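Not measured: the values here are computed from a predicted model.
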Amino acid sequence: MDYKQQVADVLAPALPELAMADILAKIEQPKTSKQGDLAFPTFALAKIMHRAPQMIAGDVVEKIDQTNFEKVVAMGPYVNFFFKKADFSADILAQIMMDGAHFGDAKLGNAGQVPIDMSSPNIAKPISMGHLRSTVIGNSLANILSKIDYKPVKINHLGDWGTQFGKLITAYKMWGSEAEVKADPINNLLKYYVRFHKEDVDHPEMDDEARDWFKKLENGDEEALALWKWFRSESLKAFQKIYQRLDIQFDSFNGEAFYNDKMAEIVDILESKNLLHESQGAEVVDLSKYDLNPALIKKSDGATLYITRDLAAAVYRKRTYDFVQSLYVVGNEQTNHFKQLKAVLTEMGFDWADEIHHIPFGLITSNGKKLSTRSGRVILLDKVLDDAVTLAHQQIDQKNPDLANKDAVADAVGIGAVVFHDLKNERMNSFDFNLEEVVRFEGETGPYVQYAHARAESILRKAGSPKLTAANQQLSDPAAWDTLKLLSEFPATIVRASEAYEPSIIAKYAIHLAKAFNKYYGNTKILVEDDDLNARLALVQSVSIVLKEALRLLGVKAPDEM
RNA sequence: GUCGCGGUAGCUCAACUGGAUAGAGCAUCCGCCUUCUAAGCGGAGGGUUGUGAGUUCAAGUCUCACUCGCGACACCA
């Protein structure tokens, strides 16, 4: 039921000087339910009618048909509408009971495909907290889009090509061993790489050798290629372990190397359209009309660059998926790159360039400084997840020692805390890494939401997991009101999150709902035999369903007990 | 220097398209487990929303200037 429209319908006859659209646009949601459920400010009318807004509000209330509302009152310059709680609760609870986890589904995407470029770690380097953001934001957006009928395609654009592989092969040949790499691929490959950068300061000839090896790799040299493939597959195995912990699956691992043979066509197109110009020995596309620096397509030595590869990837994705949108969940510091990318595609005549969206996010720093693999200043994601799970275990031992499935719950809670922490704030916010804060279990955290869900489940178990009927779901208890209203806002919240590409909107919603429910739980005895029992249980069930679904959209599990 | 992002309570952050007394969490202090999981609930203190103008009936939100922090500025990705 559209309550906003209902309010507008009764307002319209009392306000002949305003069009329906204007009335609808002005209706707003008060900050607290003391001020009602919807409100209409009369300031705009004051000007037209040359009267004080307070008086207008009073008059409007007199003229209005109040039969469909609990009450309509003038509070200062506002007309405040209070819904009939019993009817409202019956509506929303029946809806959620009926839809279950599908509550909030919408047919907005028309099954259009949406590739999402996300995670994209570099081969032979560990996954750090920095990668977590791209990974969990991308995953959550995929879940959100999927819920409103888009078809997301999660693409892990691996950093599996580039001059660093020349360095890595050089370093491996000097200090590495097969046994070491097999034992612990990421750490040992990283060790070689870091050592290379330490020693090449004094031994510049190492750089020449690295260049040679990369050249060999590009020319298909057997030894170089074999090493590269091996490094790649060992790294991927290690990555998959982390993705499993996060419960994230990808649809494609086509990384940079995948586009090696697809860039020539891009250069051809650019040439045929006369877009390529020589500048200081390099080939560039002039973008001055977009107020951007020229895009460097080919280096002076003829080698291609990052943007050339991304152009090839963009074209490939359009052809392969015929996408309706193409998303890139990549750090804020690459904003310019994506502006250039879109500009070049536009110059090439691809009107679908408009459907490419860079989804930027803020930087994670450590002690205020940018993370850097080379300098060894990394925060390993695996380590953070381990710490979080260990802490979760301790909490369980302390608070619920008899719990079954301790390990699974500790995983869900510990990892959920880390993921939720990364998603709960606007993605553009930067933050300095702080372990205690990331794995916090109290206050506005993932575990707080999980806890509310587990409490709801616990009540339902105690009630004997009843089959709730759609009847008798009128709940007029004011203590339940905030929870009921929040439940009703879930579908609109999903749409808002999808439009802003902002998982934090869902996370904040989950916190609000959990908070409202915890408050209700703390002040109201639910399991008492009276006329409202069925309605209260329906409320508890609905909260459980919606909390679990909100967490799922974020990529966080909701254990039934914890 | 140019462009981008940000500056809200001691700390971390909210505030949907401009609206009512700027809200939470953490930390500090005080209450609540013989009642459905205390990972919880209730209460207290804590603010010139970076500064200064402007637009508006109304500005944390829009405009301009200034300021501080971070980032990007063609041969890395």
Mind checking if A/Lys525 touches a base, just sugar-phosphate, or nothing, with heavy atoms under 4.0 Å?
base

Looking at A/Lys519, does any N or O in its side chain come under 4.0 Å of the phosphate oxygens OP1/OP2 on B/G42?
yes

Using the P atom on both, measure B/U49 against B/G60 and round to a whole Å.
7 Å

Can you tell which of B/A72, B/A38, B/A20 lies closest to the side chain of A/Arg455?
B/A38

For A/Asp482 and B/G42, give me the distance from atom CG to atom P, rounded to whole Å.
11 Å

What is the nucleic acid contact for A/Glu426, judged by heavy atoms within less than 4.0 Å: base, sugar-phosphate only, or nothing?
sugar-phosphate

Between A/Phe431 and A/His421, how do the two ring planes meet: parallel, tilted or perpendicular, split at 30° and 60°?
perpendicular

Measure up the A/Tyr316 and A/Phe258 rings against each other and bin them: parallel (under 30°), tilted (30 to 60°), perpendicular (over 60°).
perpendicular

Which whole number of Å gives the distance between the C1' atom of B/U8 and that of B/G50?
10 Å

Using the C1' atom on both, measure B/C66 against B/G40 and round to a whole Å.
48 Å

May I have the distance from A/Ile123 (atom CD1) to B/A77 (atom C1'), rounded to whole angstrom?
14 Å

Distance in angstrom units between A/Glu333 CD and B/C70 P, rounded:
15 Å

Residue whose nearest RNA chain B nucleotide is more 5′ - A/Ile511 or A/Gly159:
A/Ile511

Using a cut-off of 4.0 Å on non-hydrogen atoms, how would the nucleic acid contact of A/Pro30 be classed: base, sugar-phosphate, or nothing?
base

Remember a base hit wins even if backbone is also touched, and classify A/Ser430 as base, sugar-phosphate or nothing at under 4.0 Å, heavy atoms.
sugar-phosphate

Evaluate the criterion side chain to side chain donor-acceptor pair (under 3.5 Å) for residue pair A/Glu347 and A/Tyr290; output intermediate values, then yes/no.
CA-CA 10 Å; A/Glu347 284 295 282; A/Tyr290 299 89; 2.7 Å; yes

Side-chain contact check for A/Glu28: nearest option of B/U37, B/A20, B/U35 is B/A20

Of A/Asp310, A/Ile266, A/Leu311, A/Thr308, the one forming a side-chain contact (heavy atoms from CB on, under 4.5 Å) with A/Val344 is A/Leu311

Base, sugar-phosphate or nothing for A/Phe441? Non-hydrogen atoms, less than 4.0 Å.
base

Where the side chain of A/Asn523 is concerned, which of B/C41, B/C75, B/U37 is the nearest nucleotide?
B/C41

B/A39 and B/U21, which share atom name C1', separated by this distance in whole Å
32 Å

What is the distance from OH of A/Tyr448 to P of B/A38, rounded to the nearest Å?
13 Å

Nearest-Å distance for atom pair NZ/C1', residues A/Lys299 and B/A77:
11 Å

How would you label the contact of A/Val413 with the nucleic acid (heavy atoms, under 4.0 Å): base, sugar-phosphate, or nothing?
base

According to a 3.5 Å limit on both distances, what stems of 3 or more consecutive Watson-Crick or G-U pairs are formed with RNA chain B?
B:1-7 with B:67-73, B:10-13 with B:23-26, B:28-32 with B:40-44, B:50-54 with B:62-66

Base, sugar-phosphate, or nothing for A/Leu305, non-hydrogen atoms under 4.0 angstrom?
sugar-phosphate

Shortest side-chain distance from A/Met562, nucleotide among B/A39, B/C41, B/U12:
B/A39

Side-chain donor-acceptor contact under 3.5 Å, A/Ser504 with A/Asn425
no

Let's see if you can work this out: which of B/A15, B/A20, B/C16 has an atom nearest to the side-chain heavy atoms of A/Arg496?
B/C16

Between B/G40, B/A20, B/C36, spot the one nearest the side chain of A/Ala39, thanks.
B/A20

Have a look at A/Asn122 and say if it touches a base, only the backbone sugar-phosphate, or nothing, with a 4.0 Å heavy-atom cut-off.
nothing

Using atom C1' in both nucleotides, what's the gap between B/A59 and B/C3 to the nearest angstrom?
27 Å

Contact class for A/Ala295 vs. all strands (heavy atom < 4.0 Å): base, sugar-phosphate, or nothing?
nothing

May I have the distance from A/Arg427 (atom CZ) to B/G4 (atom C1'), rounded to whole angstrom?
14 Å

When syn is taken as a glycosidic angle within 90 degrees of 0, is B/C33 syn or anti?
syn

Can you tell me the distance, in whole Å, between the NZ atom of A/Lys485 and the P atom of B/C16?
16 Å

Between B/C75, B/C36, B/A39, which one does the side chain of A/Ala282 approach most closely?
B/C75

By the 4.0 Å heavy-atom rule, please label A/Gln398 as base, sugar-phosphate, or nothing.
nothing

Can you check the distance between B/G52 and B/U67, where both ends of the measurement are the P atom (answer in whole Å)?
15 Å

Taking the minimum atom-to-atom distance to the side chain of A/Asn429, which one of B/C41, B/C13, B/C57 wins?
B/C13

Classify A/Thr493 by what it touches in the nucleic acid, base, sugar-phosphate, or nothing, heavy-atom distance under 4.0 Å.
nothing

I'd like to know if A/Asn80 reaches the base of B/A20 with its side chain such that a donor and an acceptor end up less than 3.5 angstrom apart.
yes

Between B/A24 and B/G42, how far is it from one C1' atom to the other, in whole Å?
15 Å

For A/Asp291, answer base if it contacts any base atom (sugar-phosphate contacts may also be present), sugar-phosphate if it contacts only those atoms, and nothing otherwise; contact means non-hydrogen atoms under 4.0 Å.
nothing

Rounded to whole Å, CZ of A/Phe43 lies from P of B/G18 at a distance of 15 Å

Can you label the angle between the A/Phe517 ring and the A/Tyr520 ring as parallel, tilted or perpendicular, going by 30° and 60°?
tilted

Reckon A/Thr308 touches a base, only the sugar-phosphate, or nothing at all at heavy-atom distances under 4.0 Å?
nothing

Pick out which of A/Phe231, A/Tyr259, A/Tyr306, A/Trp228 makes a ring-ring contact (aromatic ring centres under 6.0 Å, His included) with A/Trp161.
A/Trp228

Taking the C1' atom of each, how far is B/C13 from B/G46, in whole Å?
16 Å

Output yes when at least one side-chain N/O atom of A/Ser300 is less than 4.0 Å from OP1 or OP2 of B/C75, else no.
no

Polar pair under 3.5 Å, donor/acceptor by atom type, side chain A/Thr163, base B/C76:
no

A/Lys485 NZ to A/Gln29 CD distance, which is reported to the nearest 0.5 Å:
6.0 Å

Protein-to-nucleotide contact annotation, 5' to 3' order, nucleotides 25-32 of chain B [B base; S sugar-phosphate only; - none; under 4.0 Å, heavy atom]
SS------

Mind checking if A/Ala454 touches a base, just sugar-phosphate, or nothing, with heavy atoms under 4.0 Å?
base

At their closest point, which heavy atom of A/Asp200 faces which heavy atom of A/Asp207, and how far apart are they?
OD2-OD1, 3.0 Å

Taking B/A77, B/A39, B/C36 as options, the one with an atom nearest any side-chain atom of A/Gln334 is B/A77

Minimum heavy-atom distance A/Gly255-A/Asp160, with the two atoms named:
C-OD1, 3.6 Å

When you get a sec, tell me which of B/U12, B/A77, B/G71 is the closest nucleotide to the side chain of A/Leu363?
B/G71

I want to confirm an ordering. Mapping A/Ala392 and A/Thr524 to their closest nucleotides on RNA chain B, which one lands closer to the 5' end?
A/Thr524

